[in-house]
Participant: 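First the structure, which I've put down as structure tokens, then a few questions once you've had a look.
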Amino acid sequence: MSKKGSHVSETPATQALKRAGVAFTEHVYDYVEHGGTAESSKQLGVDEHAVVKTLVMQDEKADPLIVLMHGDRTVSLKELARQIPCKKVEPCKPEVAQRHSGYQVGGTSPFGVRKAMPVFVEASILELPRICINGGRRGYLVGIAPQVLTELLGARPVNCANAG
């Protein structure tokens, strides 16, 4: 599943997982600009539905939040805003997302972020047996049990997925 002998040095995300005693597997792939979860799932031989993307968004007051979504789905911003609840949710500009998370876009992990933010997870992700999520660097995913998202991050389940 991951490249032989590939090891990535620690990131704030892996440090946070280790501190919490979370078991995880490392999955290294060749990062492709704008390749997204389709590229990582193809290279790693993992179902894109089980690859979870970390999206830094903001509400109408520009307060940041994290949304965790299946790689093969998009976020219904209206439905998310209705469930949070707030008036409006929109993606942060890349430089703003980087400032909030401390991670480069394309390498954003929900673990070990610079600024504490509320985390929302698409509820159906929690039904999967295992997920791959960014480990804090481009071209690097970690495999974890999805329950870690609610137990460690306090992620709140929402239903806001749109097909592809």
Participant: For Ala13, is there any backbone N or O sitting under 3.5 Å from a side-chain donor or acceptor partner on Tyr103?
Facilitator: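 Confirmed, Tyr103 side chain pairs with Ala13 backbone.
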Participant: If only side-chain N and O atoms count, and only distance matters, is there a donor-acceptor pair under 3.5 Å linking Gln58 with Glu90?
Facilitator: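 Gln58 and Glu90 do have a side-chain donor-acceptor pair below 3.5 Å.
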Participant: Could you report the tightest heavy-atom contact between Thr108 and Val105, atom names first, then the distance?
Facilitator: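 Closest approach of Thr108 to Val105, heavy atoms only: OG1-CA, 4.0 Å.
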Participant: When rounded to the nearest 0.5 angstrom, what is the spacing between CD1 in Ile131 and CG in Leu68?
Facilitator: 7.5 Å
Participant: Is a donor on one side and an acceptor on the other found under 3.5 Å between the side chain of Glu39 and the backbone of Val32?
Facilitator: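 No, the answer is negative, given that no donor and acceptor are paired below the 3.5 Å cut-off.
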Participant: For a quick test of reading the model, state the closest non-hydrogen atom pair linking Pro12 to Gly112 and the distance between them.
Facilitator: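 Between these two residues, the closest heavy atoms are CB-O, 3.5 Å.
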Participant: Decide whether Val75 and Val96 are clustered together by the hydrophobic rule: side chain heavy atoms of Ile, Leu, Val, Met, Phe, Trp, Tyr closer than 4.5 Å, transitively.
Facilitator: no
Participant: Roughly how far, to the nearest 0.5 Å, is the CG atom of Leu149 from the CZ atom of Arg156?
Facilitator: 15.0 Å
Participant: Rounded to the nearest 0.5 Å, how far apart are CD1 of Ile125 and OG1 of Thr150?
Facilitator: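 Going from CD1 on Ile125 over to OG1 on Thr150, the span is 11.5 Å.
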Participant: Using every non-hydrogen atom in the two residues, find where Pro64 and Pro118 come nearest and quote the distance to one decimal.
Facilitator: O-CD, 3.5 Å
Participant: Please report the closest heavy-atom contact between Gly106 and Asn134, naming both atoms and the distance.
Facilitator: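 Residues Gly106 and Asn134, closest heavy atoms: O-ND2, 3.3 Å.
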Participant: Could you tell me the separation between the CZ atom of Arg73 and the NE2 atom of His49, rounded to the nearest 0.5 Å?
Facilitator: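 That separation rounds to 5.0 Å.
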Participant: Is there a continuous path of hydrophobic side-chain contacts, each under 4.5 Å between heavy atoms, that joins Val148 to Ile66?
Facilitator: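 Shared cluster, yes.
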Participant: Do side-chain atoms of Gln83 reach the backbone of Asn159 as a donor and acceptor pair under 3.5 angstrom?
Facilitator: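 Indeed, once roles are kept as given, a pair shorter than 3.5 Å links the two residues.
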Participant: Report the C-alpha separation of Arg138 and Glu33 in whole Å, then their side-chain angles, then the decisive distance to 0.1 Å, and conclude whether the salt bridge (charged side-chain N to carboxylate O under 4.0 Å, His left out) test is met.
Facilitator: CA-CA 9 Å; Arg138 289 177 170 183; Glu33 194 75 35; 3.7 Å; yes
Participant: State the CZ-OG distance between Arg82 and Ser76, to the nearest 0.5 angstrom.
Facilitator: 9.0 Å
Participant: Could you report the tightest heavy-atom contact between Gln147 and Leu126, atom names first, then the distance?
Facilitator: NE2-O, 3.4 Å
Participant: Rounded to the nearest 0.5 Å, how far apart are NZ of Lys115 and OG of Ser101?
Facilitator: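 Answer rounded to 0.5 Å: 11.0 Å.
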Participant: Go through the steps to decide whether Lys87 and Asp59 satisfy the test side-chain contact (heavy atoms from CB on, under 4.5 Å), and finish with yes or no.
Facilitator: CA-CA 7 Å; Lys87 288 185 180 125; Asp59 65 15; over 6 Å; no
Participant: Do Val67 and Val56 belong to the same hydrophobic cluster, where Ile, Leu, Val, Met, Phe, Trp and Tyr are linked whenever their side-chain heavy atoms lie under 4.5 Å apart, directly or via other members?
Facilitator: no
Participant: If we only count heavy atoms from C-beta on, is the Leu65 to Ile84 side-chain gap below 4.5 Å?
Facilitator: yes
Participant: Taking all non-hydrogen atoms of both residues, which atom of Phe24 and which atom of Arg130 are closest, and how far apart?
Facilitator: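 Minimum heavy-atom contact is CA-NH2, 4.2 Å.
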Participant: Check the hydrophobic clustering (I, L, V, M, F, W, Y; side-chain heavy atoms under 4.5 Å; chains of links allowed) and say if Val52 and Met117 are grouped together.
Facilitator: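 Yes, same cluster.
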Participant: Counting N and O atoms only, with roles assigned by atom type, does the side chain of Thr14 sit under 3.5 Å from a partner on the main chain of Glu10, one being a donor and the other an acceptor?
Facilitator: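 Side chain of Thr14 to backbone of Glu10, a donor-acceptor pair under 3.5 Å: no, none is there.
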Participant: Is Glu122 reaching over with its side chain to a backbone N or O of Met69, donor-acceptor style, under 3.5 angstrom?
Facilitator: no
Participant: Does His27 form a side-chain contact (heavy atoms from CB on, under 4.5 Å) with Val46? I'd like the steps, not just the answer.
Facilitator: CA-CA 10 Å; His27 306 273; Val46 177; 5.7 Å; no
Participant: Would you please test Asp72 and Thr37 for side-chain contact (heavy atoms from CB on, under 4.5 Å) and show each step?
Facilitator: CA-CA 7 Å; Asp72 61 352; Thr37 56; over 6 Å; no
Participant: Go through Ile133 and Ile144 one step at a time and tell me if the side-chain contact (heavy atoms from CB on, under 4.5 Å) criterion holds.
Facilitator: CA-CA 8 Å; Ile133 194 163; Ile144 58 171; 4.0 Å; yes
Participant: Quick check: does any side chain N or O of Thr11 sit under 3.5 Å from a backbone N or O of Gly135, one acting as donor and the other as acceptor?
Facilitator: yes
Participant: Quick one: do Leu55 and Leu153 end up in the same hydrophobic cluster if we chain Ile, Leu, Val, Met, Phe, Trp and Tyr together by side-chain heavy atoms under 4.5 Å apart?
Facilitator: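 No, no single cluster joins them.
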